Amino acid sequence: MIDKTYQPSEVEGRIYKIWEQAGAFRAGRPERAQAKPYTIVIPPPNVTGSLHMGHALNNTLQDILCRFERMRGRDVLWQPGTDHAGIATQMVVERQLAERKEPGRREMGREAFLKRVWEWKAESGGTIVNQLKRLGASCDWSRERFTMDEGLSRAVRKVFVELYRDGLIYKDKRLVNWDPKLLTAISDLEVVQVETKGHLWHLRYPLEGKTFNPEDPSTFIVVATTRPETMLGDTAVAVHPDDERYKALVGKNVILPLVGRKIPIIADEYSDPEKGSGAVKITPAHDFNDFEVGKRHNLPQINILSVEAKIALKDNAEFAAGLAPSSDLEATLAMHGMDRFAARKAIVARLEEKGLVEKIEPHGLSVPHGDRSNVVIEPFLTDQWYVNAKKMAEPAIAAVREGKTNFVPKNWEATYFSWMENIQPWCISRQLWWGHQIPAWYGPQITDEGKNLRIYPGDPVSGARTSDVEMFVAPSEEDAIRQAIERYGRTVRIVSGPNEQMRNIFRAAASQGEDFVGIWRDEDVLDTWFSSALWPFSTLGWPDETPEVKRYYPTDTLVTGFDIIFFWVARMMMMGLHFQKEVPFRDVYIHRLVRDATGAKMSKSKGNVVDPLGVIDDFGADALRFTLARGAAQGHDIRLGPQDVENNRNFATKLWNAARFVEFNGAARVEGFDPKSAKVALNRWIAHETAKAAAEITKAIEAYAFNEAAAAAYRFVWNVYCDWYVELSKPLLTGPDGAAKDETRATAAWALDEIIKLLHPFMPFITEELWAVTAEQGPKRSGLLALSDWPKLDGLTDDKAEAEIGWVIELITAVRSIRAEMNISVNIPLVLAGASKEIESRAERWAEFIKRLARVSEISSAVSAPQGSVQLIVRGEVAALPLIGVIDLDAERARLAKELAKAESDIARVDAKLNNANFVARAPEEVVEEEKEKREEASGRKVKIAAALDALKAAK
RNA sequence: GGGCGCGUAGCUCAGCGGAAGAGCACCUCCUUGACAUGGAGGGGGUCACAGGUUCGAUCCCUGUCGCGCCCACCA
């Protein structure tokens, strides 16, 4: 017996366990060894994260595809796993340490800190996986991977080493986006621009050889800046070569205020005469554009900030170079250690005192911020590792151009191309601890043809400068040592770093007659996206030549959000093509954001975040999934309100009750029942409609039109099966025993079975439960719905059944409409006027049904409609409701007049087309034919309505 | 500055070359034996605006207005 109500919370956990115990989601099930594989790799969520609505959408869509293809017989691999999410996870653990008042990361040291992160991972890493299971995700959990697993780490090292050997990874000293809070470099993509109201300071730089006089513009040049504090690092003033105002000054020098440095006025096209004063200060160490100008003109790069973005002038060789002592300089040096924003104020104040500030204007600008830390990013000159993205992008661009990978919707390709075609070097090193440590080792530099070694103190940022050391990039420590031995020709040991301690070790060893060279590993880790970029093949066991790589790569579909096209999709394309020589996926389905009921983006700060698990608790996973699927129209955000989920919970209830109805009426599945053999038109009709719905749903899922697929399923289940088939079948099911009753029972059960299958990808729990419950009656069935066959219903199209049942439905609807309109509560008779034999017998066959559903007392035939009756035109047939005394004749005349007008306007519109020679000549034949049919239908209708109107007039 | 997208029923959105759709909301009626988490019926739209292409435009093209988002730049 099916329970009276469906309780998702009681069913879902139990069903999921059954799937897992059966290994239903396992890839490579033996019986599918010959089947075509279907592969999706999950966008790996942060290992310590928890499920948010974006995940719910993303994974619902993947699950729909996986369950659909699994039912179509494919060998499905939905590869799950999690991402170590370097910065995010490290931040979480550091925050935790702070909350618990424990020693911070630096105090506890790298090793101890990493141990703590691993502990945290062990503790919370299972959360998101369990939450995905609650959503119903049919991943092959036996293959779960983590980006820092040994295997995946090996893949990372191999990729790094090979790209380094191919010259596609290199170390470079250039400006990076430096996060002064997290103390690491970040990539361009991790920088967000924030619109800010700032100021434009117009500063006077005195010209060399003139006595500065604020009243005399010929003694200075004005530069405008939004960041006055960087002036300490200025190394030139640039003007446009064609700018007449400044032509005479090019080649002269200015004396940098507060510093006393002599810097040149140079001509460079970067300078825009329209902006500011037309002269621009050049600070190569603190501005990306200035850096390029500096390179063109061979300007020194003077870094005036520490890693914490504080003024750093002491022990600063670049700053000190070529400076003459002065009282100004002394005061400037005293700013050492001052925060950058405090320094801005201090510097402006001092300049103002000296009359060096011409004016200050309000100025809107966007300021770069770190997306994680939310602090202002500093362009900072450091050594970092880069990927030559430009080179690697070439095949990735070509692959999309050639259609080897398709974006869905297609317009994302434009976004992909425009980014890929203007791609910048990808900074992959991060000054963090949690992540894949870069597989590069450094050792003392060889000088004098290898006879002597020199050891330099480490760079405070990245451990060592390329130019000062020997570098060994290797997949393992052993290999690095081997390389070092070869280079040095001496014993090699791993040491902790190029610091004082290490030098002491050397000295101690040397004094004991030992002779060895120490090498130390790069302390930085790789950008998290570096390992994610390998996900489609590293999860399959690469770099080993596993059968999985052969079988499941390239994957079929990637389902992801538009926000990580650059971060992730583009990089997977590059890495996949480079290392597998094939695209990582055929289709990339890009979905959009889930917003709240008012259309606002969900965010913690706004407090409008809807927790998917809360929704699952309240309405069930199926309701949430169906809501997301119904909303997933290509290229559109999804608004999710509680009302929507409730509606779809109601849909689940509707389905449940339909199943109860079927069971209640003894409609069990019948072994070997073939709907093609049905004799009763109603049953032939529902078979026809089921086939139609199955085809629609199949086509829509294939096209990633999830919303259309869900809508088609919804419509069919509710508006076709429940509203009409169930209602129309009642007289048969409750009527006398016999062939028709048996057939109807069998058909009702068959159609319900098909419905359960069609809905399974969307609503896996309730359908699996119904599959099990309906298995209790009729022929035995032991398998799971998740592994059963997707409906493939050919040869069930039946236009005759459609004509018959369609007429019945429309007749019932028309009568109900009149009843409601005229407020008739009693049963009324129905007369078929001038009906053919065929219609009469059809009416006879369905008399009981019509009587019951339209509340008709009796059905009879007549040559013409009785006097004073309401006449309905249903599919060209006249049905009359003799209602003398009941109806308001005037109202009825008005109703008919309106319908007549409608018929006439229909005719007029069609005639306008048909009388147009151009239309008849140029429109496709079938369209013309269709219009002719419309004409015929409408004029038939018109005649009948006119006749009804006449009869009414006669009736007074 | 470049790119992408959106303006369709009160609200939220489908549809995107051949007679305007759904859900919610609203109004009327219904405790009929699957379901009140329900059933029946109904009102409501010159498909942003202006041109153009076409036999035919909500749908294609161009422009205008309004609204998002992405990228770049910002002295």
Side-chain angles (χ1 to χ4, degrees), chain A residues 2 4-6 188 193 198 200-203 222-227 238 270-272 274-282 287-290 363-367 409 411-412 414-415 417-419 422 562-563 565-566 592-593 597-599 619 623 630-631 633 635-639 641 643-644 646-665 705 707-708 711 714-715 719 722-723 726-727 730 734 812-813 816-821 823 825 852-855 905-906 909-910 912-914 916-924 926-928 930-931 934 938:
Chain A
I2 301 181
K4 184 145 180 8
T5 53
Y6 174 68
D188 298 347
Q193 303 292 335
L200 196 55
W201 284 272
H202 293 251
L203 309 179
V222 174
V223 294
T225 180
T226 54
R227 300 194 52 198
Y270 163 67
S271 180
D272 182 348
E274 304 291 313
K275 284 182 181 167
S277 62
V280 59
K281 63 194 265 321
I282 300 296
D287 181 279
F288 288 100
N289 286 310
D290 293 4
H363 184 75
L365 74 167
S366 46
V367 179
N411 45 295
W412 287 109
T415 306
F417 287 136
S418 75
W419 190 70
N422 299 296
F562 62 91
D563 50 335
I565 290 179
F566 305 146
R592 306 233 352 187
L593 247 46
T598 68
F619 299 106
R630 282 183 83 183
H636 292 280
D637 291 344
I638 298 172
R639 283 200 195 196
Q643 186 61 248
D644 301 308
E646 198 181 320
N647 288 339
N648 292 308
R649 188 272 318 266
N650 295 352
F651 177 60
T653 307
K654 189 77 180 174
L655 171 68
W656 187 257
N657 283 308
R660 284 180 63 215
F661 168 84
V662 169
E663 185 194 61
F664 186 75
N665 285 285
N707 61 322
E708 285 174 30
Y714 185 95
R715 209 169 25 236
N719 303 118
C722 292
D723 285 353
V726 164
E727 292 305 323
K730 281 176 182 172
T734 57
I812 291 168
T813 304
R816 280 172 170 172
S817 178
I818 291 297
R819 297 180 59 93
E821 236 171 79
N823 223 343
S825 53
R852 179 167 169 156
L853 294 179
R855 302 194 60 193
S905 82
D906 285 350
R909 191 180 38 246
V910 175
K913 285 188 183 182
L914 290 175
N916 181 337
N918 270 327
F919 172 74
V920 179
R922 299 193 195 191
E926 61 270 23
V927 173
V928 176
E930 217 174 285
E931 292 297 320
K934 280 181 202 162

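Computation of the quantities below employed the complete heavy-atom set of this structure, encompassing side-chain atoms and omitting hydrogens, waters and symmetry-equivalent molecules. Quantities reported herein were computed from a predicted structural model and do not represent experimental measurements.
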Q: Is A:E727 reaching over with its side chain to a backbone N or O of A:L853, donor-acceptor style, under 3.5 angstrom?
A: no
Q: Taking both distances under 3.5 Å as the test for a Watson-Crick or G-U pair, what stems of at least three pairs does RNA chain B have?
A: B:1-7 with B:65-71, B:10-13 with B:21-24, B:26-30 with B:38-42, B:48-52 with B:60-64
Q: Does OP1 or OP2 of B:C4 have a side-chain N or O of A:S418 closer than 4.0 Å?
A: no
Q: Taking the same atom, P, in B:C35 and in B:C49, what whole-Å distance lies between them?
A: 48 Å
Q: Between A:N650 and B:G38, is there a side-chain N or O to OP1/OP2 distance below 4.0 Å?
A: yes
Q: For A:S817 and for A:D287, find the nucleotide of RNA chain B with the closest heavy atom, then tell me which residue's nucleotide is more 5'.
A: A:S817
Q: Any side-chain to backbone donor/acceptor pair from A:R819 onto A:R855? Under 3.5 Å, distance only.
A: yes
Q: Output the single nucleotide from B:A75, B:A40, B:A34 whose closest atom is nearest the side chain of A:E727.
A: B:A34
Q: What does the B/S/- profile of nucleotides 8-14 of chain B look like, 5' to 3', with a 4.0 Å heavy-atom cutoff to protein?
A: ----SSS
Q: For atom C1', what is the distance between B:C27 and B:A9, given to the nearest Å?
A: 15 Å
Q: Please state whether the phosphate of B:A34, meaning OP1 or OP2, lies under 4.0 angstrom from any side-chain nitrogen or oxygen of A:K730.
A: yes
Q: Verify the contact: side-chain N or O of A:S277 to OP1 or OP2 of B:A75, cut-off strictly under 4.0 Å; return yes or no.
A: no
Q: Going by the angle between their ring planes, with limits at 30° and 60°, are A:W656 and A:Y6 parallel, tilted or perpendicular?
A: tilted
Q: Considering only the P atoms, how many Å lie between B:C74 and B:G17, rounded to the nearest integer?
A: 43 Å
Q: Where along nucleotides 26-31 of chain B does protein come under 4.0 Å, by heavy atom, of base (B) or sugar-phosphate alone (S), with - for untouched nucleotides?
A: ------
Q: Roughly how many Å apart are B:A40 and B:C47, using the C1' atom of each and rounding to a whole number?
A: 30 Å
Q: Please tell me if A:K654 has a side-chain N or O lying less than 4.0 Å from either OP1 or OP2 of B:G39.
A: yes
Q: Starting from the 5' end of RNA chain B, give me the residue, A:N918 or A:Y714, whose nearest nucleotide shows up first.
A: A:Y714
Q: Could you check whether A:E663 pairs with A:R660 (Lys NZ or Arg NE/NH1/NH2 to Asp/Glu carboxylate O, under 4.0 Å)?
A: no
